[in-house]
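Below you'll find the structure, written out as structure tokens, and then a few comments.
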There are 2 protein chains.
Amino acid sequence: MIENIESMQKAALQVTVDIVVFTVQDQALKVLLIQRGVEPFRGQYALPGGFVLSGETLEEAAFRELREETGTEIVYLEQLYTFGDPGRDPRGRIVTVAYFALVPTDKAPLIAGTDAASTAWFAVSALPALAFDHAMIVDHAIRRLRNKLEYSTVGFELLPAKFTLSSLQSLHEAILGKALDKRNFRRRIEALGLVKPTKDMFATGRKPARLFSFRSRPGS
Amino acid sequence: MIENIESMQKAALQVTVDIVVFTVQDQALKVLLIQRGVEPFRGQYALPGGFVLSGETLEEAAFRELREETGTEIVYLEQLYTFGDPGRDPRGRIVTVAYFALVPTDKAPLIAGTDAASTAWFAVSALPALAFDHAMIVDHAIRRLRNKLEYSTVGFELLPAKFTLSSLQSLHEAILGKALDKRNFRRRIEALGLVKPTKDMFATGRKPARLFSFRSRPGS
DNA sequence: CCAAAAGTGTTAGGAGTACACCCATGG
DNA sequence: CCATGGGTGTACTCCTAACACTTTTGG
């Protein structure tokens, strides 16, 4: 730790949070981006984010920026990694704490945005050029999300309260970018015990599908 | 991202790095701590660390602080988590990027320290009270280390260039804090293919033990 | 010859993967 | 009646975990 005020001053830096917000729409994993209205990188897309205020935690800053910039209702937020190379921002030394967030498909706003020129969802398979080092941040976030899906339950948060197993499967397929075996998928989900059948059916295609919901706590 | 200089200034914070340095000595997982010479928390132990300078990356800051404060030769460094709650440091708003590091047993200095009052290794099972929120940071680091040991090769870095399988096993046991089955452990290590036998034997106890070394690249 | 650590195989259970057919419904 | 997505079971492989005895050496 530091031993005197002088070196503390010397080291004062800017701290931001940037959030990689994911949702799944039309069978594709998508990221929320904002088109910048000012230099640098004017006109290019960037992650939502902004400076951390003195009285708030890093998480609070992330929530606040999302609210202000996109009006998005987040259901999951997790710290990702901190990027702090000098030169990552042409305006000066800025350290950013990156988060990743999930929004349920049915709550993902098509547009919003208060202080940002324009916000839009982009499929991760077709991202535009990104400002700063945001391409690297998005890349980290995608890897983390895919990774977590294999050993945890992250991703469940992207669905509405009641859902079919087929929709859960296609959600996983969209995130992972590959097809999954139906029987193995259902067996694994059942073994996790995090989901329970409801009385309701969903009548979309031909045969009605059972709707499931999340079990809040483990145990029956 | 931010849109004007004014709010940038408003948000200027202090950024530090803190490093949880692990080694294994005497069958115990240990952490390097420094006794603070100044207020706040004067006399209490804290993690090595300090402020990030304007021209260096976060990693470089971590390496520099370790060199300056402890003279320790690190073989592994990984970013852990960023802690930034207001109030975590009584001197003001300080965001710290925590790292965890590993030092080989044979290179862990018993003492060192240039600008710190006194440095010492503490077994994680018997830590003193720590300054700031450092207890929480150490806790995160231990969980991460134990976790990584089960699905990766982190921890190998703690051994000298040539080592016996028994010493590798007791290293793992010290980190995990539990006993492992000798045959299963050897089978798993062999399956990983990261280790190869050398011609040398080690004659400590009664029956001499084969010395192994790391294979730098996968393949024969 | 004995104490102490080195070294070595087999079996059982669980998790993941590959694979194909019948069912219920709306049009 | 048929097209469409819903729903189900079995066999194989691989990884993990439990478990005990023989070998080599120094004293």
Side-chain angles (χ1 to χ4, degrees), chain A residues 24 26-28 105 146-156 159-160 162-213 218, chain B residues 24 26-27 105 146-155 159-160 162-213 218:
Chain A
V24 171
D26 309 324
Q27 288 277 25
T105 303
R146 286 181 175 160
N147 223 355
K148 285 190 89 81
L149 207 55
E150 308 208 325
Y151 67 87
S152 81
T153 65
V154 173
F156 283 68
L159 288 175
K162 293 183 176 182
F163 51 88
T164 66
L165 291 183
S166 291
S167 62
L168 180 60
Q169 179 175 351
S170 59
L171 170 76
H172 280 234
E173 289 175 334
I175 294 175
L176 296 174
K178 69 179 181 191
L180 299 173
D181 180 86
K182 196 182 351 178
R183 284 161 293 187
N184 295 337
F185 180 78
R186 285 168 186 238
R187 190 177 15 254
R188 190 158 59 85
I189 293 300
E190 191 186 11
L192 284 174
L194 298 166
V195 123
K196 62 172 190 282
T198 67
K199 300 270 177 246
D200 304 334
M201 304 297 278
F202 182 64
T204 174
R206 303 307 178 108
K207 180 173 178 177
R210 173 75 54 190
L211 284 167
F212 287 75
S213 66
Chain B
V24 171
D26 308 324
Q27 287 278 26
T105 302
R146 287 182 174 157
N147 221 355
K148 285 189 88 81
L149 206 57
E150 309 209 323
Y151 67 87
S152 81
T153 65
V154 173
L159 288 174
K162 290 184 177 182
F163 52 89
T164 65
L165 291 183
S166 292
S167 62
L168 180 60
Q169 180 175 350
S170 58
L171 171 77
H172 280 235
E173 288 175 333
I175 293 175
L176 296 175
K178 68 178 183 192
L180 299 173
D181 180 88
K182 195 183 350 179
R183 284 162 290 186
N184 293 337
F185 180 79
R186 283 167 188 241
R187 187 173 20 250
R188 191 157 59 83
I189 294 300
E190 191 187 11
L192 284 174
L194 298 166
V195 122
K196 61 170 191 279
T198 67
K199 300 269 178 248
D200 304 334
M201 304 297 277
F202 182 63
T204 172
R206 304 304 179 108
K207 179 173 177 176
R210 173 76 54 191
L211 284 167
F212 288 74
S213 66

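Fair warning: this is a prediction, and the values are worked out from it, not measured in the lab.
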If only side-chain N and O atoms of B:Ser166 are considered, is one of them under 4.0 Å from the OP1 or OP2 phosphate oxygen of C:dA5? no
Closest-nucleotide mapping onto DNA chain C: is B:Leu165 or B:Arg187 further toward the 5' terminus? I mean the 5' end. B:Leu165
In short, A:Gln169 meets A:Leu180 closest at the heavy-atom pair NE2-O, 2.9 Å
Salt bridge (charged side-chain N to carboxylate O under 4.0 Å, His left out): which pairs involve residues 162-180 of chain B, sequence neighbours left out? B:Lys162-B:Asp200
Rounding to a whole Å, what distance do you find between A:Ile189:CD1 and C:dT17:P? 13 Å
Provide the closest heavy-atom pair for A:Ile175 versus A:Arg146 in the form atom of the first, atom of the second, distance. O-NE, 2.7 Å
Between the opening five pairs and the closing five pairs of the helix from C:dC1-D:dG27 to C:dG27-D:dC1, how far apart are the helix axes, to 10°? 10°
Does B:Ala174 have any side chain to side chain contact (heavy atoms under 4.5 Å, CB included) partners at least two apart in sequence or in another chain, and if so, which? B:Val24, B:Gln27
Report the residues that fulfil salt bridge (Lys or Arg N to Asp or Glu O under 4.0 Å) with B:Lys148, sequence neighbours left out, ordered by chain and then residue number. B:Glu78
Separation of atom CZ in B:Phe202 from atom P in D:dG26, rounded to whole Å: 14 Å
Mark yes or no for whether A:Thr198, through its side chain, and A:Ser213, through its backbone, hold a donor-acceptor pair below 3.5 Å. no
Roughly, in whole Å, what's the span from NE2 in B:His172 to P in D:dT16? 13 Å
I'd like a table of atom pairs between the protein and nucleotides 12-15 of chain C - only N or O on both sides, under 3.5 Å - with the distance next to each one.
none

Could you pull out every donor-acceptor pair under 3.5 Å between side chains of residues 185-192 of chain A and any protein atom, sequence neighbours left out?
{"from": "A:Arg186", "atom 1": "NH2", "to": "A:Ser166", "atom 2": "OG", "distance (Å)": "3.4"}
{"from": "A:Arg187", "atom 1": "NH2", "to": "A:Asn184", "atom 2": "OD1", "distance (Å)": "2.6"}

Using whole Å, what does the distance between atom C1' of nucleotide D:dT16 and atom CD of B:Glu150 come to? 12 Å
Is a side-chain donor-acceptor pair under 3.5 Å present for B:Ser167 with B:Thr164? yes
Can you check the A:Met201 CE to C:dG26 C1' distance for me, whole Å? 15 Å
Under 4.5 Å between any side-chain heavy atoms of A:Leu171 and A:Phe163, yes or no? no
Would you tabulate the pairs of protein nitrogen or oxygen atoms and nucleotide nitrogen or oxygen atoms of nucleotides 22-24 of chain D closer than 3.5 angstrom?
{"from": "D:dT23", "atom 1": "O2", "to": "B:Lys207", "atom 2": "NZ", "distance (Å)": "3.2"}

For B:Lys199, give me all partners under side chain to side chain contact (heavy atoms under 4.5 Å, CB included), at least two apart in sequence or on another chain. none
Residues in contact with DNA chain C, drawn from residues 173-186 of chain B - heavy-atom cutoff 4.0 Å: B:Lys182, B:Arg183, B:Arg186
Across all chains, not counting sequence neighbours, the salt bridge (Lys or Arg N to Asp or Glu O under 4.0 Å) partners of A:Asp181 are none
For B:Thr153, give me all partners under side chain to side chain contact (heavy atoms under 4.5 Å, CB included), at least two apart in sequence or on another chain. B:Phe156, B:Leu194
Please state how far atom CZ in A:Phe212 lies from atom P in D:dG6, giving the value in whole angstrom units. 12 Å
When the nearest nucleotide of DNA chain D is assigned to A:Arg210 and to B:Arg188 on a heavy-atom basis, which residue is associated with the more 5' position? A:Arg210
Can you list the residues that meet the side chain to side chain contact (heavy atoms under 4.5 Å, CB included) rule with A:Arg210, with sequence neighbours excluded? A:Pro197, A:Met201, A:Phe212
Shortest non-hydrogen contact from B:Leu176 to B:Glu150? CD2-OE2, 4.2 Å
